[in-house]
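Heads up, the thing below is written out as structure tokens.
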Amino acid sequence: MMAPMGDVVHLLVILSLLEKGNAKVRHFKAAGATAPGDIIIGGLFPIHEGVEESPNISAPHEPQCASRFNMNRFTQALAMIHAVESANRSPVLTTLGISLGYRIHDSCSDVTTALRASADFTQDPTTDCGGGANTSNSSPPIMAVIGASSSEISISIARQLNLKLIPQISYASTAIILSDKNRFPAFLRTVPSDVYQTRAMVQLLSDSKWTWVGVVTTDGDYGRSALDSFVSQATASGICVAFKEILPNSLTSPDSESAISQAAATLLGNPNVKVVVSFAKPTQMMYLYQKLRSLGSGLGERVWIASDSWSSSKEVLGEMDLPDIGNVVGFSFKRGNLAPFHHYLMNLSDINDVIGNNSFLKEFYSLPNRSENSGVLSSATVPAEILLNNSHVNLVFNVEMAVSAIAHAVADICSKKDCKTPGTVQPWEVLGALKDSCFELEGKSYMFDQKGDVNLGYDVNVWRSVRGVIDVHDVAAEYHPINNSFSYTSRNTKHLIDLRDVVSVCSPSCEPGKFKKFAQGQHTCCYECINCTENYYSNNTDMHQCLSCDTKREWSLEGSSGCTHKTLEFFSWQDGFAVALLTLAALGIVLVLLVGALFLHHRQTPVVRAAGGPLSQIILLSLVGSFVSAVFFVGHPSSLQCKVRQVLFGLSFTLCVSCILVKSLKILLAFQLNPDRKDVLRRLYQPYAIICLCVALQVLTCTLWLVLQSPREKATVFTTTVLAECDEGSQVAFGVMLCYIAVLALVCFACAFKGRKLPQKYNEARFITFSMLLYLMSWLIFVPVYVTTSGKYLPAVEMVVILISNYGILSCHFFPKCYVILFKKENNTKSAFMKNVFEYSRKGITYSSSVSETSVSQTEGYRISHPYSISSPSFFMSPPPIEPTAHQNCWSVDQNIQSIDPATHCTVIDHGVFVTGQLTRPHRLRRSMSL
């Protein structure tokens, strides 16, 4: 909103100057420095700082420049003169026989004065603007203007120069608005726009991790434009502006002192702001530093980021030293080879023929105390040294670039037409040539871009005090606008790197394991650091939110910087308990194989036959399968392993119990059934068919289980662990499999329990009873334990029960017989076997179960009226044999007669023997027994 109002003011001033007779252009103060030429270029430099105040203004008048002579700006004017003289000697112009002239005015750092000068530049010498002036003595027209220094003045005169499209090339104005070619079509500059400077500043802040900064700027087009550009880019890069202090553009304004005091108070009230970015003018910074020092502020800890407006101005120190204000990092324009200009300054003299057309130089030589502290230097070298020590050397190069650009543009035009004839060259032609042509300086080519800028980047300077002398040109880095980066190749880079130890943040960085929590209404740089919750983490500093762990495989505690893989748990091979159980399983397999080999070797002995003969080998084979199934309960479970372990155990143990069931049924058939029904049951009793039927039912159960809902591997996820276990699939099928075996075991137990009091040495029923009781008890305990237990040791529970069941059968069924075979060989004979039977039969013990009776009549011996073959332990019932003769003392009750024992005159029967003794009197045998 400021620009339109400024336009109105500027136009009113121009119109008033043109309309008022006492303010006509011809009455304007003559140019401070002039030189003739075929092509005249104008120059506008703030040789003096400000104008004298006029409290009572009743009519338009020409203000007088203040007495403050600006050495830096005067040096830049001299740089223009030197550049013009150098161009006139260059082949670019000498080959065409043309030369450049100049008219340089003093803007006095005042917009109104600058507008008066620009009116002189736009004056048409062919028009009598003064009401009859002699046009023959008028000045030649201006083809281009070099200036001004400040953006505010450049914006003002650019609007006036646009009226005739006179090209304007600024050497220091960096306001972003000047890149708008729709509003300023004739404006060019040899410096980059502030958009690049603010971008470079933001990049430096980001590299140094300075996120909490303050901004001090000047009021006006330059200051506000730079402020807006900086704030927008800083915000986009996560840098927060703690405060923005805007100082009046003129220090003579009534509120300037209060504004500086307010800025100083703001700085003191923000001790965490260690970095301050300043776009202010040198004099404004000098007064601000003085105010801060008067308030006793310790500025040594602060870093000041200086814009090009004061980055090379040592006058900001005033009477202070560098440690009094802190550290200064300045952005300055690129500079070229200054040796020719220095040589030019060394040859300056105060002779009249030199200063005759340069009132600025005459004033410089007349300044008081200009040679103070000059030592033994000659009168010729003293002015040069003063100028060199008070010059913006980077701006000298920019002025030289502007003159070189005009010289090349004029050369392009004059190579096509006669430029010596007045009026043949127009300003807009020079403007077009400037935009389209390249120009050279110091062997390098340059060209204005589409926005009329020459962007060479910036030098980053770190102010240093060397032996009491302040060096403001200590280049520590170079900024490259193309890739927005710095190159640290200078020997002075360390000074800039060391400044990064300064901490300028609103809130400390949130370490890994925490995240930023912003309070509503606060800056994004001000926050709290909150710990990440469980199963969340942050692995970088200053994260805005925590990341989630993969809870299926990972976990984390509160405030974690990373996720921890969950421990995979299963009943592993390295577990001590697993090793013990596997050892028992392996031992069981070895024992089963040894027992099998022993029984096979002694298969013809009474003990082996009493143990069931071939059935004992089947039982031992099933025990091997059952022991092997226990092995599949250890290790990382797989789907195949989960299926095999249950099915293998179920079928193996079903086969084992089925064989035992056959032996138990034999006891029931032999001793506990009604004799009248034995013939029918004897025919139905088919041992191997019964075994196959029992196993087939279990096979059907397991098949349906595997087909419909088979066991499979599953992973149960806990807080910090993952349990790899087997999902039994159908719990109903699993229960049916176990219940089926339990039913068979109960039948075995019931049948064997009735024959538990048979002869002790060969009592199979007693061992069956005990083994089935042990099995049932172990599995009854297993069920509640299995249901209530979880974790990696759950397979061990079933494994323990399997081993108990296997060892129970092995111990009860086979170990006693192995003991007899190995250590009681005398009991493993036919005679000992039959002796035990006879001893048991003499006791006359009557069982509560059904008694198998045999009618015995004595006719010269004994006779069995209803002979039956009863063998133990498999209890095969055979049809009655052929009636024996009267001379036989014993009758065979089995068709498989093996031999006759001469001592007892009794028949030895396959699979065990039931005998009748040679009695002295007839009696009824009421006892049936199993050996």
Side-chain angles (χ1 to χ4, degrees), residues 25 28-47 73-90 92-94 96 98-107 113-114 116-123 125 138-149 153-154 157 161 164 166-172 186 188-190 340-341 344-345 348 353-364 395-411 413-414 419-420 422 425-427 430-431 433-434 439 441:
V25 174
F28 179 67
K29 182 179 179 181
T34 60
D38 299 312
I39 302 296
I40 306 299
I41 60 177
L44 196 59
F45 297 89
I47 307 298
R73 305 306 182 184
F74 173 60
T75 306
Q76 294 159 18
L78 292 177
M80 175 181 170
I81 296 173
H82 169 254
V84 170
E85 295 176 356
S86 299
N88 288 334
R89 294 192 299 267
S90 68
V92 175
L93 297 181
T94 57
L96 299 174
I98 60 174
S99 64
L100 297 178
Y102 56 82
R103 291 210 305 267
I104 300 176
H105 283 279
D106 182 6
S107 68
T113 304
R116 293 179 183 274
S118 64
D120 176 60
F121 294 150
T122 59
Q123 179 185 5
S138 299
S139 301
I142 298 296
M143 294 294 105
V145 175
I146 296 178
S149 175
I153 296 179
S154 290
I157 67 173
L161 296 176
K164 292 188 177 182
I166 299 176
Q168 173 190 358
I169 304 179
S170 175
Y171 52 87
L188 305 170
R189 54 187 167 190
T190 56
F341 179 61
Y344 169 78
L345 293 179
L348 281 177
D353 59 343
V354 175
I355 65 175
N357 63 345
N358 192 333
S359 62
F360 303 137
L361 187 61
K362 182 178 180 180
E363 182 180 0
F364 168 71
L395 293 183
V396 169
F397 181 66
N398 297 336
V399 172
E400 292 176 346
M401 289 180 68
V403 174
S404 178
I406 295 174
H408 281 80
V410 169
I413 297 173
C414 295
C419 294
K420 289 186 173 293
V425 179
Q426 299 298 325
V430 179
L431 176 62
L434 284 170
F439 60 94
L441 184 64

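Here, residue 1 is the first one in the sequence, and each next residue gets the next number.
A donor-acceptor pair under 3.5 Å links the side-chain atoms of Ser359 to the main chain of Gly32, judged by distance alone. In this structure, Arg103 contributes its side chain and Pro140 its backbone to a donor-acceptor pair below 3.5 Å.
Pairs passing the salt bridge (Lys or Arg N to Asp or Glu O under 4.0 Å) check and including a residue from residues 397-408, sequence neighbours excluded, do not occur.
Phe74 contributes atom CZ, which lies 6.0 Å from atom CZ of Phe364 (distance to the nearest 0.5 angstrom). Note that CG of Leu441 is 6.5 Å distant from CE of Met401, once rounded to the nearest 0.5 Å. Atoms CD and CD1, from Gln426 and Ile413 in turn, are 10.0 Å apart once rounded to the nearest 0.5 Å. The distance from the CG atom of Asn358 to the CD atom of Glu363 is 10.5 Å, given to the nearest 0.5 Å. Distance check: Leu100 CG to Ser86 OG gives 11.0 Å after rounding to the nearest 0.5 Å. Within the model, atoms OG of Ser99 and CG of Asn88 stand 5.0 Å from one another, a figure rounded to the nearest 0.5 Å.
Partners of Phe360 by ring pair (Phe, Tyr, Trp, His ring centres under 6.0 Å), not counting sequence neighbours: none found. Listed by chain and number, the residues in a side-chain contact (heavy atoms from CB on, under 4.5 Å) with Ala144 are Ile41, Pro167, Ile406 (sequence neighbours excluded). Annotation: side-chain hydrogen bond (donor to acceptor under 3.5 Å, both in side chains) contacts of Ser149 (sequence neighbours excluded): Arg73. Not counting sequence neighbours, Tyr102 has no partner by the ring pair (Phe, Tyr, Trp, His ring centres under 6.0 Å) test. Residues meeting the side-chain contact (heavy atoms from CB on, under 4.5 Å) test with Pro36, sequence neighbours left out: none. Remark: Ser170 pairs with Ser173 by the side-chain hydrogen bond (donor to acceptor under 3.5 Å, both in side chains) rule, at least two apart or across chains. Partners of His408 according to the ring pair (Phe, Tyr, Trp, His ring centres under 6.0 Å) rule, which considers only residues two or more places apart in sequence or in another chain, do not exist here.
At least one side-chain heavy atom of Val430 sits less than 4.5 Å from a side-chain heavy atom of Val425. Put simply, the side chain of His105 does not reach to within 4.5 Å of the side chain of Phe45, judged on heavy atoms. Side-chain contact between Ile169 and Thr190 is present, with at least one heavy-atom pair separated by less than 4.5 Å. Taking the side chain as every heavy atom from C-beta outward, Thr113 and Asp106 never approach each other to under 4.5 Å. Side-chain contact between Ile166 and Met143: absent, with no pair of heavy atoms (C-beta onward) separated by less than 4.5 Å. Residues Leu78 and Val396 are not in side-chain contact: their nearest non-hydrogen atoms beyond the backbone lie 4.5 Å or more apart.
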Open item on the list: With side chain to side chain contact (heavy atoms under 4.5 Å, CB included) as the criterion, how do Leu188 and Gln168 come out once you've worked through the C-alpha distance, each side chain's angles and the decisive distance to 0.1 Å?
Closed with: CA-CA 6 Å; Leu188 305 170; Gln168 173 190 358; over 6 Å; no
Open item on the list: Between Leu44 and Ile146, does the side chain to side chain contact (heavy atoms under 4.5 Å, CB included) criterion hold? Intermediate values first, please.
Closed with: CA-CA 6 Å; Leu44 196 59; Ile146 296 178; over 6 Å; no
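For Tyr171 against Asn398, the heavy-atom pair with the smallest separation is O-ND2, 3.3 Å. In terms of heavy atoms, Leu93 sits closest to Ala407 at CD2-O, 3.7 Å. Between Asp38 and Lys420 the shortest heavy-atom distance is OD2-NZ, 3.2 Å. Heavy atoms only, all atoms of each residue included: Ile40 and Pro141 are closest at CB-O, 3.7 Å. The two residues Leu434 and Ala405 come nearest to each other via the heavy atoms CD2-O, 3.3 Å. Between Ala33 and Ile81, the shortest heavy-atom contact is CB-CD1, 4.3 Å.
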